[in-house]
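Here is the structure we will look at, set down as structure tokens.
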Amino acid sequence: MAPPSVIFAGSHPIALPLLQRLYDRHQTGQLRLAGIISQPDRLSGRGKSMTPTILSQWAMEHNISLHRPEKPDESTVTWLKERSCKLLLVMAYGHMIGKTIRELPPLGIFNFHASLLPRFRGATPIEAALASGIEETGVTLMKIIREMDAGDTLGSISAPIAFHDTQTELTDKLSHAACSLCESFLPQLLSGNIICIPQPNEGISFCRKLEASDRFLDFHIPAEVLHRRIRALTPRPGCVFEIGNHVFKIRSIDLDPSGFHSKTPGTLLKLTGSNAALVAGDGKALLLKEIQAPGKPFLPIADFLRGHELPWGMISTSHPMKPLEHTSFPF
RNA sequence: CGCAGGGUGGAGCAGUCUGGUAGCUCGUCAGGCUCAUAACCUGAAGGUCCUAGGUUCAAAUCCUAGCCCUGCAC
């Protein structure tokens, strides 16, 4: 019997290892990777040229059929039928998928979601998990239904959040967790003998999309919370502090263990050696490890201070910060 | 041709507008001081000022073209 035809939908780089894993199975004949759905090319990068998603690029390099609709629509239905799609797998695709398409593949449609559901449903589970302060998150494999990230789950795999993890590190862990998860459940998925359970009604939460204003910080909150928030938003969109007309982007920070400062929250402190810190709401400080001036590269703070002056003692502007996690939907 | 900033010894920057001896904070090396040090003192090495043309008595600086880097946006 010919291997089942599988279509993969994804846009974000986090899904690339999973796609590669599916391709490995394709080459060993366990399945047939019949095509990839990704978001359309966007104007991006310097020069604003049309740039395909990383998964689109991968598809072109591996000569896999590629479909890039603005949103999944009738053309997508046709495209799936042409490839006699038996199973549709999704990770970080970026669009809701309508009923017609959901009901098309005989083996079903499943999503790899980067959280331990039912917590952190929605667009930014990695960021929200980092900001929340929990020490463990994961990837969940679930059926796709009408309601966002609410389908019955087949299983999940967890990954620890280390104290210094940013999006980069955590995304990498979850990216590979998704591979393991796929490994465990691919036989079930391909056979159609699915064992899944409903998500609990307790512990549901949602995370919103990020917006440009999320880069700003409120220094009235405790250092530990700020530390998590900054790691959650690094490198994208990246957090900044602004003093007067100067804006500095933060790439890397640490909690200053040296104690308490009775200074206004947001005060920029010059510490011994080539160290700089920002005072938070609880009097603890955040060590600046790596920052960036406009139009300049990121620099370790010691290097930065060799060529730049910082407005010592001045106070960074605080902006209210919208929560990343919500207990109800819509927000 | 989306907008904007930048490229100067090993690192980070000033100097460019107004052309005229390559400068600052560090690092490196040598010596000194010190119980000692990432501290201090003295000295030294280290440069195609991104590239290629042009203007000029003279270009890091002005003109033209190109390469590379960074931010905005998604």
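Below, chains carry the letters A, B, ... as their sequence lines are ordered, and counting in each starts from 1.
When Watson-Crick and G-U wobble pairs are counted only if both distances are under 3.5 Å, B/rA65 pairs with B/rU51. Pair assignment for B/rC72 gives B/rG2, based on Watson-Crick or G-U wobble hydrogen-bonding distances that are each under 3.5 Å. Base pairing of B/rG27 is not made with any nucleotide, judged by Watson-Crick or G-U wobble geometry with both donor-acceptor distances under 3.5 Å. Under the Watson-Crick or G-U wobble criterion, with both distances below 3.5 Å, B/rA36 has no partner in any strand shown. Summarising the base pairing, B/rG9 is matched to no nucleotide, lacking a Watson-Crick or G-U wobble pair whose two defining distances lie under 3.5 Å.
Going from atom CG of A/Leu310 over to atom P of B/rG12 covers 16 Å, rounded to whole Å. If you measure from atom CG of A/Asn245 to atom C1' of B/rG5, you get 16 Å, rounded to the nearest angstrom. If you measure from atom NE2 of A/His308 to atom P of B/rG5, you get 17 Å, rounded to the nearest angstrom. A/Asn275 has its CG atom 12 Å from the C1' atom of B/rA38, to the nearest Å.
Of the P atoms belonging to B/rG46 and B/rC40, the separation is 25 Å, rounded to the nearest Å. The separation of B/rU34 from B/rA39, taken at their C1' atoms, amounts to 10 Å, rounded to a whole angstrom. When the P atom is used for both B/rC41 and B/rA52, the distance is 41 Å, rounded to whole Å. B/rG7 and B/rC1: their C1' atoms are spaced 23 Å apart (whole Å). Between B/rA14 and B/rU61, the two C1' atoms lie 13 Å apart (nearest whole Å). As rounded to the nearest Å, B/rU51 and B/rA60 have P atoms that lie 11 Å from one another. Going from the C1' atom of B/rG5 to that of B/rU48 covers 25 Å, rounded to whole Å. When the P atom is used for both B/rG71 and B/rG12, the distance is 15 Å, rounded to whole Å.
The two residues A/Leu55 and A/Ser11 come nearest to each other via the heavy atoms CD1-N, 3.7 Å. Of all the heavy atoms in A/Ile64 and A/Leu33, the pair that sits closest is CD1-O, 4.0 Å.
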N/O contacts under 3.5 Å, protein versus nucleotides 24-27 of chain B?
{"unit_1": "B/rC26", "atom_1": "O2'", "unit_2": "A/Arg306", "atom_2": "NE", "d": "2.8"}
{"unit_1": "B/rC26", "atom_1": "O2'", "unit_2": "A/Arg306", "atom_2": "NH2", "d": "3.2"}

Under 3.5 Å between N/O atoms: give me all the protein pairs with nucleotides 70-74 of chain B, atom names plus distance.
{"unit_1": "B/rU70", "atom_1": "OP2", "unit_2": "A/Arg46", "atom_2": "NH1", "d": "3.4"}
{"unit_1": "B/rU70", "atom_1": "OP2", "unit_2": "A/Arg46", "atom_2": "NH2", "d": "3.3"}
{"unit_1": "B/rU70", "atom_1": "O3'", "unit_2": "A/Gln292", "atom_2": "NE2", "d": "3.4"}
{"unit_1": "B/rU70", "atom_1": "O2'", "unit_2": "A/Gln292", "atom_2": "NE2", "d": "3.3"}
{"unit_1": "B/rU70", "atom_1": "O2'", "unit_2": "A/Lys296", "atom_2": "O", "d": "3.0"}
{"unit_1": "B/rU70", "atom_1": "O4", "unit_2": "A/Arg46", "atom_2": "NE", "d": "2.7"}
{"unit_1": "B/rC72", "atom_1": "OP1", "unit_2": "A/Lys249", "atom_2": "NZ", "d": "2.7"}
{"unit_1": "B/rA73", "atom_1": "OP2", "unit_2": "A/Arg215", "atom_2": "NH2", "d": "3.3"}
{"unit_1": "B/rA73", "atom_1": "O2'", "unit_2": "A/Lys48", "atom_2": "NZ", "d": "3.2"}
{"unit_1": "B/rA73", "atom_1": "N1", "unit_2": "A/Gly45", "atom_2": "N", "d": "3.1"}
{"unit_1": "B/rC74", "atom_1": "N3", "unit_2": "A/Arg236", "atom_2": "NH2", "d": "2.9"}
{"unit_1": "B/rC74", "atom_1": "N4", "unit_2": "A/Arg236", "atom_2": "NH2", "d": "2.2"}

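For the 3.5 Å distance criterion, the side chains of A/Thr51 and A/Ser44 qualify, holding a donor opposite an acceptor. Checking A/Thr53 against A/Ser38 by side-chain atom types alone, a donor-acceptor pair falls below 3.5 Å. No side-chain donor-acceptor contact under 3.5 Å links A/Arg68 and A/Ser56. Side-chain contact annotation: A/Glu169 with A/His164, donor-acceptor N/O pair under 3.5 Å absent.
The pair A/Glu224-A/Arg231 fails the salt-bridge criterion, with no side-chain N (NZ, NE, NH1 or NH2) lying under 4.0 Å from an Asp/Glu carboxylate O. In summary, A/Glu183 and A/Arg25 engage in a salt bridge, as defined by a charged side-chain N under 4.0 Å from a carboxylate O.
The aromatic rings of A/His227 and A/Phe163 lie tilted to each other, with the angle between the two planes from 30° to 60°.
Of the listed residues (A/Lys209, A/Lys322, A/Arg208), just one forms a salt bridge (charged side-chain N to carboxylate O under 4.0 Å, His left out) with A/Asp214, and that residue is A/Arg208.
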